[in-house]
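The structure appears below as structure tokens.
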Amino acid sequence: MQKRILVVDDDPSFNKMLSAFLGRHGFLVNSVYTSKSAMESMGNEMPDLVLTDFKLPDLDGLELIELIKSKSPEMAIILMTNYSDIRTAVKSIQLGAFEFVTKPVNPDELLITIQAALNQKEKKVAIAKPEKKRDITPSDKKYIIGQSAASKQLWEHIKLVAPTQMSVLLLGESGTGKEYAAKMIHESSKRADKTFIAVDCGALSKELAASELFGHVKGAFTGALKDKKGQFELAEGGTLFLDEVGNLPYDVQVQLLRALQERKIKRVGSETDISVDVRLISATNEKMQQAIDEQQFRLDLFHRLNEFELKLMPLRKRLGDLDEYLNFFLHQANQELEKKVNGFSSAVIQVFQQYSWPGNLRELRNIVRRAVLLCQTDLIELAQIPNTLMNENEVLEEKKHEKPIATKPESGGLLHNLKAMQELQEKETIEKVLLETKYNKSKAAELLNIDRSTLYNKIAKYNIEI
């Protein structure tokens, strides 16, 4: 089925040219020139993706993104602008845009970005609205259970708690797969045919955390131009996953406790209670007991969140699962990148087995994807994996025998030169990955094992042309 794209740009010539270009590539295109016209068009016929300019005659692109997301949270949006302003790019992504592209637009990059945005939207819809309620089995292609004792125990506990209404707290280091575990619980529960929404509490500002979770009414604070539903209302009947829950401000913790106890919330600025039916799963890699002792996290809320606790072990403590995950991520990467890599050399496997995997499964997945992208044969060799993996043991061994360096005035020059060399190497790596991904910044960020905001900041720092 042809996908519909709404183009919003007040430059008639560019708008017409871009619409014609997208039409030639199989999209059904509707073009408008103002934010108001965009919202009217969406009211008549909902597009699959919105491609909007930043500079518009009424609302700017950021305001339009926020307005669209309030009406259609799952809408795929790409922002275009003439201004290479990293702050605008970061803000657009924080507001829910899939990607940010600069003018003059690179046609190939734009098509890749549009397809990636549409693919991500379809995946989100599939997660939010599964075809039917079903149990997840260890052979399910979406999930890898693992063969280690820790992994098997985790799976057994998920099957045990999923059918209940208990709040679940997932503990584990960053990258251990806490969101995947939350999805497994949801899809094995009685709420599987309802919405699953994930919220990264670590990305919420102190000022807007309450609004994001509970919504707000028009005029509640500066910038509250309209009523907005929070994630609790949007997840009605389904499951709400709060990642990095330990980062929530203290006053928001009070509101969250009330939501769990009374099943009611109040939008910011409102005195009206709203009943909610939401199952809560939360996760943290923080030392919660320390936060509780320092009165940074409420003990009563912790007990409400922790009706059932699941701990996800780091990859270095369950290397028996490594082969299964390698094959799983290799298959994913081959499909995504349209490659036919068959496996890994014995030397690569040995390095993987000896590495400590501080980034856990997320790091492993990104390294496999990067290696598949770089691989020109049917087997991944040492040349396709980062040197840091091979150097780790050598560095640790060398540090054991290092002598303390005396602090001298002239040591500053050496440290400065070392830092400069590291930054040069980082810049070259970013430039190489951007080139290899045809400047698709989402893929580049994943291959570099950083988020898109960090990538944008580094592009600005090193003045990399995109």
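In plain terms, the two heavy atoms of Gly238 and Lys194 that are nearest each other are CA-CB, 3.6 Å. Of all non-hydrogen atoms in Ala38 and Leu6, the two that sit nearest each other are O-CD2, 3.7 Å. Ile65 approaches Ala97 most closely through the heavy-atom pair CD1-CB, 3.9 Å. Closest of all the heavy-atom pairs between Ser174 and Asn360 is O-ND2, 3.0 Å.
With respect to Glu179 and Lys183, a salt bridge is recorded, a charged nitrogen being found less than 4.0 Å from a carboxylate O. Lys55 and Asp53 are not joined by a salt bridge, as no carboxylate oxygen comes within less than 4.0 angstrom of a charged side-chain nitrogen. Between Glu212 and Lys229 there is no salt bridge, since none of the side-chain N atoms of the basic residue sits less than 4.0 Å from a carboxylate O of the acidic one. Ionic pairing of Lys152 and Asp321 is not present here: no N-O contact between side-chain nitrogen and carboxylate oxygen is shorter than 4.0 angstrom. Glu66 and Lys69 are not joined by a salt bridge, as no carboxylate oxygen comes within less than 4.0 angstrom of a charged side-chain nitrogen. Salt bridge absent: Asp273 and Arg263 never bring a charged side-chain N and a carboxylate O closer than 4.0 Å. The pair Glu173-Arg316 meets the salt-bridge criterion, since a charged nitrogen lies less than 4.0 angstrom from a carboxylate oxygen.
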Given Leu240 and Val199, is the side chain to side chain contact (heavy atoms under 4.5 Å, CB included) satisfied, shown in steps? CA-CA 8 Å; Leu240 182 60; Val199 179; 3.9 Å; yes

Passes salt bridge (Lys or Arg N to Asp or Glu O under 4.0 Å), Asp277 versus Arg191? Steps please. CA-CA 11 Å; Asp277 174 23; Arg191 298 172 180 260; 2.7 Å; yes

Would Val8 and Leu51 count as a side chain to side chain contact (heavy atoms under 4.5 Å, CB included) if you check the C-alpha gap in whole Å, the side-chain angles of each, and the deciding distance to 0.1 Å? CA-CA 6 Å; Val8 191; Leu51 187 59; over 6 Å; no

Would Asp251 and Gln255 satisfy side chain to side chain donor-acceptor pair (under 3.5 Å), going step by step from the backbone distance to the final call? CA-CA 7 Å; Asp251 58 334; Gln255 294 171 272; over 6 Å; no

Assess whether side chain to side chain contact (heavy atoms under 4.5 Å, CB included) is satisfied between Tyr325 and Leu361, documenting all intermediate values. CA-CA 8 Å; Tyr325 278 110; Leu361 295 176; 3.8 Å; yes

Could you walk me through whether Leu56 and Thr52 satisfy the side chain to side chain contact (heavy atoms under 4.5 Å, CB included) test, starting with their C-alpha distance in whole Å, then the side-chain angles of each, then the deciding distance to 0.1 Å, before giving a yes or no? CA-CA 9 Å; Leu56 297 170; Thr52 179; 3.7 Å; yes

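Using a distance-only test at 3.5 Å, with no hydrogens or angles considered, no donor-acceptor pair links the side chain of Asn247 to the main chain of Cys201. Within the 3.5 Å criterion, the main-chain N or O of Ile68 finds no donor-acceptor partner in the side chain of Ser72. Under the 3.5 Å distance criterion, the side-chain polar atoms of Asp243 are left unmatched by any main-chain donor or acceptor of Ser282. Judged purely by atom type and a 3.5 angstrom limit, Gln253 uses its side chain to pair as donor or acceptor with the backbone of Gln296. Proximity of a side-chain donor or acceptor of Asn306 to a complementary backbone N or O of Leu169 within less than 3.5 Å is not detected. A donor-acceptor contact shorter than 3.5 Å links the side chain of Lys178 to the backbone of Gly172.
With Glu233 as reference, Arg267 is the one residue of Arg267, Lys228, Lys264, Lys266 to meet the salt bridge (charged side-chain N to carboxylate O under 4.0 Å, His left out) rule.
When only modelled atom types and interatomic distance are considered, Gln332 and Glu336 share no side-chain donor-acceptor pair under 3.5 Å. A donor-acceptor contact closer than 3.5 angstrom is absent between the side chains of Asn366 and Glu363. Side chains of Thr239 and Arg279: no donor on one and acceptor on the other come within 3.5 Å. Between the side chains of Tyr462 and Glu426, at least one donor N or O lies within less than 3.5 Å of an accepting N or O. Checking Gln289 against Asp293 by side-chain atom types alone, a donor-acceptor pair falls below 3.5 Å.
Once rounded to the nearest 0.5 Å, the distance linking CD of Gln147 with OG of Ser151 reads 8.5 Å. In this structure, CG in Leu326 is found 14.5 Å from NE2 in His331, a value given to the nearest 0.5 Å. Rounding to the nearest 0.5 Å places CZ of Arg362 at 9.5 Å from CZ of Arg365. Between the CD1 atom in Ile274 and the CD1 atom in Ile265 there is a gap of 5.0 Å [rounded to 0.5 Å]. The distance from the CD atom of Gln153 to the CG atom of Leu310 is 9.5 Å, given to the nearest 0.5 Å.
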Can I get a per-line list of side-chain donor-acceptor pairs under 3.5 Å for residues 214-223, giving both atom names and the distance, sequence neighbours left out?
from, atom 1, to, atom 2, distance (Å)
His216, ND1, Ser211, OG, 2.6
His216, NE2, Lys226, O, 3.2

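Atom NZ of Lys311 is surrounded by 12 or fewer heavy atoms from other residues, nucleotides or ligands within 6.0 Å. By the 6.0 Å contact criterion, CD on Gln353 is enclosed, its count of non-hydrogen atoms from other residues, nucleotides or ligands being greater than 12.
Counting only heavy atoms from C-beta outward, the side chains of Ile281 and Ser167 never approach each other to under 4.5 Å. Using a 4.5 Å heavy-atom threshold, the side chains of Val372 and Cys375 count as separate. Trp357 places a side-chain heavy atom less than 4.5 Å from the side chain of Leu319. The shortest side-chain heavy-atom distance between Thr81 and Phe100 falls under the 4.5 Å cut-off.
Classification of the Phe352-Phe344 ring pair by plane angle, with boundaries at 30° and 60°, yields perpendicular.
Listed by chain and residue number, Asp200 satisfy the side-chain contact (heavy atoms from CB on, under 4.5 Å) test with Ala203 (two or more places apart in sequence, or in another chain).
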